Amino acid sequence: MEENKASLNFIEQIIENDLKNGKNNSRVHTRFPPEPNGYLHIGHAKSICLNFGMAEKYNGLCNLRFDDTNPTKEDVEYVDSIIEDVKWLGFDWGDRLYYASDYFDRMYDLAVEMIKKGKAFVCDLSAEEVSAMRGTPSIPSQASPYRTRSVEENLDLFARMKAGEFPDGSKTLRAKVSLDSPNMQMRDPAMYRIRHAHHHRTGSKWCIYPMYDWAHGLEDSIEGITHSLCTLEFENHRPLYDWYLNEAGVYRPQQIEFARLNLSYTVMSKRKLLELVQEKFVSGWDDPRMPTISGMRRRGYTPESLRAFSDRIGIAKRNNVIDVAMLEHSVREDLNKRAKRVMAVIDPLKVTIKNYPEGHVEELEAVNNPEDESAGTRMIPFSKQIYIEREDFMEDAPKKFFRLAPGREVRLRYAYFITCEEVIKDENGHIVELICTYDPLSKGGKSPDGRKVKGTLHWVDATNNIKAQVRVYDRLFTVADPDGDKEKSYKELLNPDSLSIIDQAFVEPSVANAEVLSYYQFERLGYFNIDKDSSKEKMIFNKTVGLKDSWAKENVG
RNA sequence: UGACCCAUGGUGUAACUGGCAACACGUUUGAUUUUGGUUCAAAAGAGUCCAGGUUCGAGCCCUGGUGGGUCAACCA
């Protein structure tokens with residue numbers, strides 16, 4: 001691996017500087033700290049790649065830690081999916097799988113110390129009252145009337161909060177930080193709230209739960225994290241992060257903020273993704289149209305492509321919107337090297353070759369992957385009747401149309417040259433069949449006389465094939481910035497045609513025994529993989545992404 | 001309104017910490033091609049938000065604007 005010193009991102013620069021100065025004994029230790037309240041998405045992938053990537057690059061460690069401090073929103077279902085997704089992306093946290101909830105006792109003890117130091121107090125104000133007394137950035141807060149409670153009373157009350165003597169919302173433990181800081185995070189923030197709720201790990205042991213700011217820094221501190229990487233919206237929290245750790249008198253990691261990922265034509269907030277799932281706009285968290293890692297996996301994205309994408313987009317502090325084309329390029333690049341080529345017809349048009357012997361079937365050799373000779377070859381059946389793609393025929397074809405048209409000759413890939421002799425239509429004028437002739441000397445796709453044809457079509461034999469369902473996806477939203485519209489909710493901007501199901505597609509027989517998730521290139525169409533709903537009896541393919549198509553582009557313009 | 005952060009081709013990131021802006025995606029053109037794919041070659045496209053200042057020299061430093069983001073949950 002060659003490191004290019006000239007193109008470090010700002011976090012690498014900080015780390016290398018720390019390393020040079022011997023900070024933290026020249027140790028790098030990061031963590032990926034998801035809250036298990038939803039499925040991971042491509043934005044998390046960026047963070048995962050960053051955190052694990054920094055540890056990898058600088059011979060450090062990266063922990064996987066669940067920030068499970070809010071039992072009302074969290075669930076083991078999410079824990080399981082997150083573990084699966086991070087693992088699938090190809091990262092290894094060794095035996096360092098941690099839970100914030102494992103530190104609850106420690107956090108509680110430290111909170112007691114904070115009370116003893118006069119840095120925290122039990123407050124009886126309701127959420128509404130606190131809000132009303134909060135002031136504004138330029139107007140100081142009114143002090144809570146409970147701010148001056150004695151240490152003894154605070155200690156007693158806090159212990160009774162823990163013991164479950166008070167109902168939800170009746171009391172909080174608040175830090176005594178400031179009443180007039182222009183940084184609103186510093187205005188006597190809550191450290192603990194009462195929640196008589198079942199926690200997915202600690203059950204009913206606790207009825208008070210620490211707030212993010214109090215908990216997160218301690219989690220980082222306990223684990224000996226050196227660089228605590230998080231997104232920009234926590235920038236205003238950094239002074240509080242530092243304050244808590246300094247007041248608690250414990251080791252303080254360095255929090256560094258970077259810009260989260262935004263992708264065009266998608267929404268990225270967990271809340272919105274949850275709504276799409278709950279309100280059935282999609283089939284689930286792993287719907288292939290979702291930007292979730294599980295959705296993208298099901299869609300046919302590879303972990304390598306996601307990691308390559310993360311590398312490509314970089315790390316910085318400026319708000320950004322990455323073009324989905326960048327993501328699509330990353331999958332194509334990976335799949336081009338790895339996907340086995342196969343022929344499939346999605347919108348079939350029957351072709352009868354009138355001079356081909358009736359009842360005869362021959363096997364033709366086809367290359368599995370022109371990018372990888374070791375992938376070998378396979379045989380494909382061919383006979384008098386085949387299907388071609390409907391869009392590969394045009395009755396009144398312009399000069400630049402290289403495909404089949406009346407009187408024109410094209411190559412059937414790996415098979416023969418055929419010429420269109422006749423167009424058969426039904427009573428409504430719809431084309432139902434093409435009658436063609438073939439050149440028996442052009443077997444394999446080469447003509448002995450050196451005659452050139454511009455077009456090569458994919459095809460599938462009309463009788464020896466597999467009938468499959470193909471699910472074709474388009475972007476989930478019709479506009480590049482679905483949450484940027486002031487009038488319309490993102491839900492009104494959903495693309496009604498984001499999913500089209502084709503029940504009668506034909507695929508060559510060689511895919512018969514393929515396993516779920518295996519990916520293919522359907523020649524000239526795009527990359528497809530086998531959906532988890534697929535079975536031997538009914539194969540189902542998902543379209544991952546199309547091939548680049550300069551003909552389609554020309555047609556639009 | 002106050003604090004904090006950000007500002008470089010259409011998009012995203014760079015520019016060895018001051019030496020006349022590079023890479024990727026996208027776009028266009030040409031070559032090759034049994035995938036209108038891939039590959040290869042080339043081109044167009046920013047003079048770095050604005051105004052001052054420091055300097056022989058500024059995208060990098062300073063000042064003041066402008067624009068954008070974040071924060072005023074008992075969410076994270």
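Order of the sequence lines fixes the chain letters, A, B, ..., with proteins taken first and strands second; residue numbering starts at 1 for each chain. All values reported here derive from a predicted model rather than from experimental measurement.
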Chemist: Would B:A42 be called syn or anti, given that syn covers angles within 90° of 0?
Modeler: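 Base orientation: anti.
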
Chemist: Has the side chain of A:Gln13 got a donor or acceptor atom that lies under 3.5 Å from a matching backbone atom of A:Leu8?
Modeler: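 Yes, because the side chain of A:Gln13 sits within donor-acceptor range (under 3.5 Å) of the backbone of A:Leu8.
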
Chemist: Determine, for A:Arg403 against A:Glu389, whether the closest basic-nitrogen to carboxylate-oxygen distance falls under 4.0 angstrom.
Modeler: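 Salt bridge flag = no for A:Glu389 with A:Arg403.
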
Chemist: Relative to each other, are the rings of A:Tyr387 and A:Phe506 parallel, tilted or perpendicular (30° and 60° limits)?
Modeler: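 Ring orientation of A:Tyr387 relative to A:Phe506: parallel.
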
Chemist: Rounding to the closest angstrom, what is the interatomic distance between B:A46 and B:C6 at atom P?
Modeler: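 Result for the P pair: 27 Å, nearest Å.
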
Chemist: When the ring planes of A:Phe382 and A:Trp459 are compared, do they come out parallel, tilted or perpendicular, using 30° and 60° as the limits?
Modeler: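 Rings of A:Phe382 and A:Trp459: perpendicular, as their planes differ by over 60°.
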
Chemist: Could you please name the partner base of B:A3, counting Watson-Crick and G-U wobble pairs only when both distances are under 3.5 Å?
Modeler: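 For B:A3, the partner nucleotide comes out as B:U70, under the 3.5 Å rule.
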
Chemist: Starting at CG of A:Asp372 and ending at P of B:U38, how long is that distance when rounded to a whole Å?
Modeler: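 Taking CG of A:Asp372 and P of B:U38, I get 18 Å after rounding.
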
Chemist: If we take the P atom in both B:A14 and B:C23, what is their distance in whole Å?
Modeler: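 Roughly 16 Å separates the two P atoms.
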
Chemist: Measuring from the side chain of A:His237 (C-beta onward, heavy atoms only), which nucleotide among B:U17, B:A76, B:C5 has the closest atom?
Modeler: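 The answer is B:A76.
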
Chemist: Please give the distance between the C1' atoms of B:G45 and B:U11 as a whole number of Å.
Modeler: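 Those two atoms are separated by 13 Å.
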
Chemist: Could you tell me how far B:G64 sits from B:A21 if I compare only their C1' atoms? Round to whole Å.
Modeler: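 That atom pair is separated by 26 Å.
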
Chemist: Among residues 33-49 of chain A, which residues get a heavy atom nearer than 4.0 Å to RNA chain B?
Modeler: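 Close to the strand are A:Glu35.
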
Chemist: Looking at the side chain of A:Arg134, which of B:U17, B:G37, B:A72 is the nearest nucleotide?
Modeler: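 Taking heavy atoms from C-beta onward, the closest nucleotide is B:A72.
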
Chemist: Counting only Watson-Crick pairs (N1-N3 plus N6-O4 or O6-N4) and G-U wobbles (N1-O2, O6-N3), all under 3.5 Å, who is the partner of B:G59?
Modeler: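 Pairing partner: none.
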
Chemist: Which part of the nucleic acid, if any, lies within contact of A:Asn9, taking any heavy atom under 4.0 Å across all strands shown: a base, the sugar-phosphate backbone alone, or nothing?
Modeler: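 Touches sugar-phosphate only.
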
Chemist: Please confirm whether A:Arg195 makes a cation-pi placement over A:Tyr209, using NZ or CZ under 6.0 Å from the six-membered ring centre and within 45° of the ring normal.
Modeler: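 Output no; distance or angle outside limits.
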
Chemist: Counting only Watson-Crick or G-U wobble pairs whose two distances fall under 3.5 Å, which nucleotide matches B:G36?
Modeler: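 Base-paired to nothing in any strand shown.
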
Chemist: Between atom CZ in A:Phe10 and atom P in B:A15, what is the gap in whole Å?
Modeler: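 To the nearest whole Å, that distance equals 12 Å.
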
Chemist: At 4.0 Å (heavy atoms only), tell me whether A:Ala316 reaches a base, stays on the sugar-phosphate, or touches nothing.
Modeler: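 If one applies the 4.0 Å heavy-atom cut-off, A:Ala316 turns out to touch the sugar-phosphate alone, with no base involved.
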
Chemist: Between B:C71, B:U35, B:C25, which one does the side chain of A:Glu523 approach most closely?
Modeler: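 Comparing B:C71, B:U35, B:C25 against the side chain of A:Glu523, the answer is B:U35.
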
Chemist: By the 4.0 Å heavy-atom rule, please label A:Thr136 as base, sugar-phosphate, or nothing.
Modeler: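 Since a base atom lies under 4.0 Å of A:Thr136, the category is base.
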
Chemist: When you get a sec, tell me which of B:C25, B:G36, B:U27 is the closest nucleotide to the side chain of A:Lys553?
Modeler: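 Between B:C25, B:G36, B:U27, the one nearest the side chain of A:Lys553 would be B:U27.
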
Chemist: Considering every strand and a 4.0 Å limit on heavy-atom distances, what is the contact class for A:Ile313: base, sugar-phosphate, or nothing?
Modeler: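 Sugar-phosphate, backbone atoms only, no base.
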
Chemist: To the nearest Å, how far apart are A:Asp392 CG and B:G37 P?
Modeler: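 From A:Asp392 CG to B:G37 P: 14 Å.
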
Chemist: Looking for any heavy atom pair under 4.0 Å, which part of the strands does A:Arg312 touch: base, sugar-phosphate only, or nothing?
Modeler: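 Sugar-phosphate: the residue A:Arg312, judged by heavy atoms under 4.0 Å, touches backbone atoms but no base.
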
Chemist: Under a 3.5 Å cut-off for both contacts, is B:U13 paired Watson-Crick or G-U wobble with anything, and if yes, with which nucleotide?
Modeler: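 For B:U13, the partner nucleotide comes out as B:A22, under the 3.5 Å rule.
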
Chemist: For A:Tyr39 and A:Glu77, test the side chains for any donor-to-acceptor distance below 3.5 angstrom and give the result as yes or no.
Modeler: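 The criterion, which ignores hydrogens and geometry beyond distance, is satisfied for A:Glu77 and A:Tyr39.
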
Chemist: Whole angstrom is fine here: how far is it from CE in A:Met184 over to P in B:C71?
Modeler: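 Result: 13 Å.
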
Chemist: Hey, is the main chain of A:Phe401 close enough, under 3.5 Å, to the side chain of A:Arg408 for a donor-acceptor pair?
Modeler: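 Checked: pair present.
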
Chemist: Students often mix this up, so state it plainly: with edges at 30° and 60°, are the rings of A:Trp206 and A:Phe104 parallel, tilted or perpendicular?
Modeler: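 Perpendicular.
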
Chemist: Tell me which nucleotide among B:U35, B:C5, B:G12 gets nearest to the side chain of A:Lys317.
Modeler: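 From the listed options, B:C5 comes nearest.
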
Chemist: Between A:Ser181 and A:Asn183, do the side chains contain an N or O donor and an N or O acceptor separated by less than 3.5 Å?
Modeler: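 Note: A:Ser181 and A:Asn183 side chains miss the donor-acceptor criterion.
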
Chemist: With P as the reference atom in both, quote the distance from B:G10 to B:A44 in angstrom, rounded to an integer.
Modeler: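 Rounded to whole Å, the distance is 15 Å.
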
Chemist: Using atom CZ of A:Phe66 as one end and atom P of B:C75 as the other, report the distance to the nearest whole Å.
Modeler: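 Taking atom P of B:C75 as the reference, CZ of A:Phe66 is at 21 Å.
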
Chemist: Just name whichever nucleotide pairs with B:U28, Watson-Crick or G-U, keeping both distances under 3.5 Å, else none.
Modeler: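 Its partner is B:A42 (Watson-Crick or G-U wobble, both distances under 3.5 Å).
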
Chemist: Between B:G9 and B:A43, how far apart are the C1' atoms? Round to whole Å, please.
Modeler: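 B:A43 and B:G9 have their C1' atoms separated by 14 Å.
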
Chemist: Side chain of A:Thr456: nearest nucleotide among B:C74, B:G26, B:G36?
Modeler: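 Nearest to the side chain of A:Thr456 among the choices is B:G36.
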
Chemist: Given atom CZ of A:Arg271 and atom P of B:C75, what is their separation to the nearest angstrom?
Modeler: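 Interatomic distance, CZ of A:Arg271 to P of B:C75: 16 Å.
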
Chemist: Nearest to the side chain of A:Thr69, which nucleotide is it out of B:C74, B:U35, B:A76?
Modeler: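 Out of B:C74, B:U35, B:A76, the nucleotide with an atom closest to A:Thr69's side chain is B:A76.
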
Chemist: What distance, rounded to whole Å, do you find between the two P atoms, one in B:G30 and one in B:G68?
Modeler: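 To the nearest whole Å, 43 Å.
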
Chemist: Within the structure shown, what part of the strands sits under 4.0 Å from A:Lys446 by heavy-atom distance: base, sugar-phosphate, or nothing?
Modeler: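 Here A:Lys446 touches the bases of the nucleic acid.
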
Chemist: If I take atom CG in residue A:Asn262 and atom P in nucleotide B:U13, what distance separates them, rounded to the nearest angstrom?
Modeler: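 Taking CG of A:Asn262 and P of B:U13, I get 10 Å after rounding.
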
Chemist: Could you state the CG-C1' distance from A:Asn70 to B:C75, rounded to the nearest angstrom?
Modeler: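 Between C1' of B:C75 and CG of A:Asn70: 6 Å.
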
Chemist: For A:Leu412, report the nucleic acid contact type (base, sugar-phosphate, nothing); a contact means any heavy atom under 4.0 Å.
Modeler: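 Counting heavy atoms under 4.0 Å across all strands, no contact is made by A:Leu412.
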
Chemist: Just checking A:Gln521: base, sugar-phosphate only, or nothing, at a heavy-atom cut-off of under 4.0 Å?
Modeler: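 The residue A:Gln521 makes base contact.
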
Chemist: Would you mind telling me which of B:G36, B:A76, B:G12 lies closest to the side-chain atoms of A:Ile322?
Modeler: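 Out of B:G36, B:A76, B:G12, the nucleotide with an atom closest to A:Ile322's side chain is B:G12.
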
Chemist: Under 4.0 Å, heavy atoms only, any strand: does A:Tyr192 hit a base, just the sugar-phosphate, or nothing?
Modeler: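 The residue A:Tyr192 makes no contact with any strand.
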
Chemist: Using the C1' atom as the reference point in each nucleotide, state the distance between B:C5 and B:A31 in Å, no decimals.
Modeler: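 Here B:C5 and B:A31 have their C1' atoms 49 Å from each other.
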
Chemist: With a non-hydrogen cut-off below 4.0 angstrom, is A:Arg341 in contact with a base, only sugar-phosphate, or nothing?
Modeler: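 Since a base atom lies under 4.0 Å of A:Arg341, the category is base.
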
Chemist: Do A:Tyr103 and A:Glu223 have a side chain donor and acceptor closer than 3.5 Å?
Modeler: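 Yes.
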
Chemist: Looking for any heavy atom pair under 4.0 Å, which part of the strands does A:Asn183 touch: base, sugar-phosphate only, or nothing?
Modeler: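 No contact.
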
Chemist: Among the candidates B:G36, B:G37, B:C74, find the nucleotide nearest to the side-chain atoms of A:Lys548.
Modeler: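 Per side-chain heavy atoms of A:Lys548, the pick is B:G37.
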
Chemist: Would you sort out whether A:Lys57 and A:Glu12 count as a salt bridge (Lys or Arg N to Asp or Glu O under 4.0 Å), showing the intermediate values?
Modeler: CA-CA 9 Å; A:Lys57 178 168 181 175; A:Glu12 292 169 324; 2.9 Å; yes

Chemist: In terms of side-chain heavy atoms of A:Pro137, which of B:A76, B:U1, B:U70 is nearest?
Modeler: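 Nearest nucleotide to the side chain: B:U1.
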
Chemist: Base, sugar-phosphate alone, or nothing: which one does A:Gln185 contact when heavy atoms must sit under 4.0 Å apart?
Modeler: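 Since only primed, P, OP1 and OP2 atoms lie under 4.0 Å of A:Gln185, the category is sugar-phosphate.
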
Chemist: Across the strands shown, which category fits A:Arg403 at heavy-atom distances under 4.0 angstrom: base, sugar-phosphate, nothing?
Modeler: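 Base contact - A:Arg403 has a heavy atom under 4.0 Å of at least one base atom.
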
Chemist: Mind checking who B:C75 pairs with, Watson-Crick or G-U wobble, both distances under 3.5 Å?
Modeler: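 Pairing partner: none.
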
Chemist: Check the geometry between A:Tyr212 and B:A76 and answer yes if their rings are stacked (centres below 5.5 Å, planes below 30°), otherwise no.
Modeler: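 By the stated criterion, A:Tyr212 and B:A76 do not stack.
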
Chemist: When the ring planes of A:His41 and A:His44 are compared, do they come out parallel, tilted or perpendicular, using 30° and 60° as the limits?
Modeler: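 Tilted.
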
Chemist: Taking the nucleotide of RNA chain B with the closest heavy atom to each, which residue, A:Gly445 or A:Glu333, is nearer the 5' end?
Modeler: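 Closer to the 5' end of RNA chain B: A:Glu333.
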
Chemist: When all nucleic acid strands are considered with a 4.0 Å heavy-atom cut-off, which category describes A:Tyr416: base, sugar-phosphate, or nothing?
Modeler: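 Touches nothing.
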
